[in-house]
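Taking it in order: structure first as structure tokens, then the write-up.
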Amino acid sequence: MEHRENNNHAVQEPDSLRARIRQWVEDKRFQTFIIGLILFNGVIIVAETYFVGNRSLQMIDRIIVWVFVLELVLKLAGFGYKRYFRDGWNIFDFLIVVGSLAFYSTPFVSMMRLLRVLRLLRMIPAIPALRKIVDALMKAVPALTGVLGMTMLIFTIYAIIGTTYFSEVLPAEFFGSFHASLFTLMQVVTFESWASQVARPVIHEIPWAWLYFVSFIIIGALVILNLVVAVILSYLGQEEEDLHSQQMERLFKENEELKQEMQEMKQLLLDQLKRNG
């Protein structure tokens, strides 16, 4: 009997320790500390661009990396391997922290600097508002493939027209080839000096070219861009609706359970009155 109780105590003790660690890493104060540390890490990275090779900054950066490693170990201990790696953001954190640690003492300096900068991306899973936006963007990717296909089709058609009719009007870097025309159209669609540098010289030589540029701006810049924004906003709104529907479903279940309990209590009272009567 004693042996069985000791075994039960040994099984429950790690579970309670894991629960305490999980509660600690999920605490708002711990999360606020990690967010502050990521911001401080960003300040150190920026400072290293001014003071290249500064030993104090390198030491602080190394300490920050080991704090991130400690955070990773605590989360693995608190959540367990299966639950931790079930979340894609945790995998993202794991790869950045492990990569930062792996390349810290290697000759691949450029890779180490890249991973230092990527550490700032840990701000996304740390802040719920940023994580919500990125999740909505990822969900919108399948819907955006159609928009991207239509965009490529429009750019291809206008690039071929521009290369065919305007290659002799402007220097070769504007409409001299298909890929040059694509880059010029990208400049036009972003409104970067498109009128004075591209459109007006062409219209001066070819009067009907205004129709080419105006139609491309209306279709490419206004319609396509607004379509992309509309798709992303629809997914952001859909997430809010899903959360609202989940809350309403939970309230409905609680209401049904309350009604059932009231019905049972009413039946018990009726049975008691019959017995007394």
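All heavy atoms count here, side chains included; hydrogens, waters and symmetry mates do not. Keep in mind it's a predicted model, so treat the numbers as computed, not measured.
In the hydrophobic cluster analysis, where Ile, Leu, Val, Met, Phe, Trp and Tyr join through side-chain heavy atoms closer than 4.5 angstrom, Val43 is grouped apart from Ile34. Note: the hydrophobic cluster containing Met152 does not contain Ile161 (ILVMFWY, side chain heavy atoms under 4.5 Å, direct or indirect links). Under the 4.5 Å side-chain heavy-atom criterion for grouping Ile, Leu, Val, Met, Phe, Trp and Tyr, Phe183 is not connected to Leu170 through any hydrophobic cluster. Follow the hydrophobic side-chain contacts under 4.5 Å out from Val223 and you never reach Ile154; the two are in separate clusters. Residues Ile157 and Leu148 fall into different hydrophobic clusters, defined by Ile, Leu, Val, Met, Phe, Trp and Tyr side chains chained together at heavy-atom separations under 4.5 Å.
When all heavy atoms of Ile21 and Ala77 are compared, the pair lying nearest together is CD1-CB, 4.1 Å. The shortest non-hydrogen separation linking Leu227 to Met150 is CD2-CE, 3.9 Å. Ala195 and Pro201 make their closest contact through O-CD, 4.1 Å (heavy atoms, listed as atom of the first residue, atom of the second, distance). Listed here is the closest heavy atom pair of Gly162 and Ser181: C-OG, 4.3 Å. Heavy-atom minimum distance, Val202 versus Ala209: CG1-CB, 3.5 Å.
With contacts defined as side-chain heavy-atom distances shorter than 4.5 Å, the pair Ile160/Phe178 qualifies. In this structure the side chain of Phe79 reaches within 4.5 angstrom of the side chain of Glu26, judged on heavy atoms. Within the 4.5 Å cutoff, the side chain of Phe68 has no heavy atoms near those of the Asp93 side chain. The closest side-chain heavy-atom distance from Phe155 to Met186 is below 4.5 Å. In this structure the side chain of Ile63 never reaches within 4.5 angstrom of the side chain of Trp66, judged on heavy atoms.
Within the model, atoms NE2 of His179 and OG1 of Thr163 stand 9.5 Å from one another, a figure rounded to the nearest 0.5 Å. Annotation: the span from Gln197 atom CD to Thr184 atom OG1 amounts to 8.5 Å, rounded to 0.5 Å. Here the CD1 atom belonging to Ile91 is positioned 12.5 Å from the CD1 atom belonging to Ile96, to the nearest 0.5 angstrom. Rounded to the nearest 0.5 Å, atoms OG1 (Thr156) and CG (Leu182) are 6.5 Å apart. Interatomic distance, CZ of Arg62 versus CD of Gln58, reported as 8.0 Å (0.5 Å rounding). In this structure, the separation between CD1 on Ile38 and CZ on Phe33 is 10.5 Å, given to the nearest 0.5 Å.
The 12-atom threshold is exceeded at CD of Gln31, counting heavy atoms of other residues, nucleotides or ligands nearer than 6.0 Å. The 12-atom threshold is exceeded at CZ of Phe191, counting heavy atoms of other residues, nucleotides or ligands nearer than 6.0 Å.
A donor-acceptor distance shorter than 3.5 angstrom exists from the side chain of Tyr212 to the backbone of Tyr158, with no hydrogens or angles considered. Listed for the Asn41 side chain is no donor-acceptor partner under 3.5 Å among the backbone atoms of Leu37.
By the 30° and 60° cut-offs, the orientation of the rings of Phe213 relative to Phe175 is perpendicular. Using bins of under 30°, 30° to 60° and over 60° for the plane-to-plane angle, the ring pair Trp24/Phe30 lands in the tilted bin.
Between Trp194 and the options Leu185, Val188, Val189, a side-chain contact (heavy atoms from CB on, under 4.5 Å) holds for only Val188.
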Show your working on side-chain contact (heavy atoms from CB on, under 4.5 Å) between Leu72 and Leu76 and close with a plain yes or no. CA-CA 6 Å; Leu72 177 64; Leu76 284 171; 4.3 Å; yes
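The ring of Tyr165 has its center closer than 6.0 angstrom to the ring center of Trp208.
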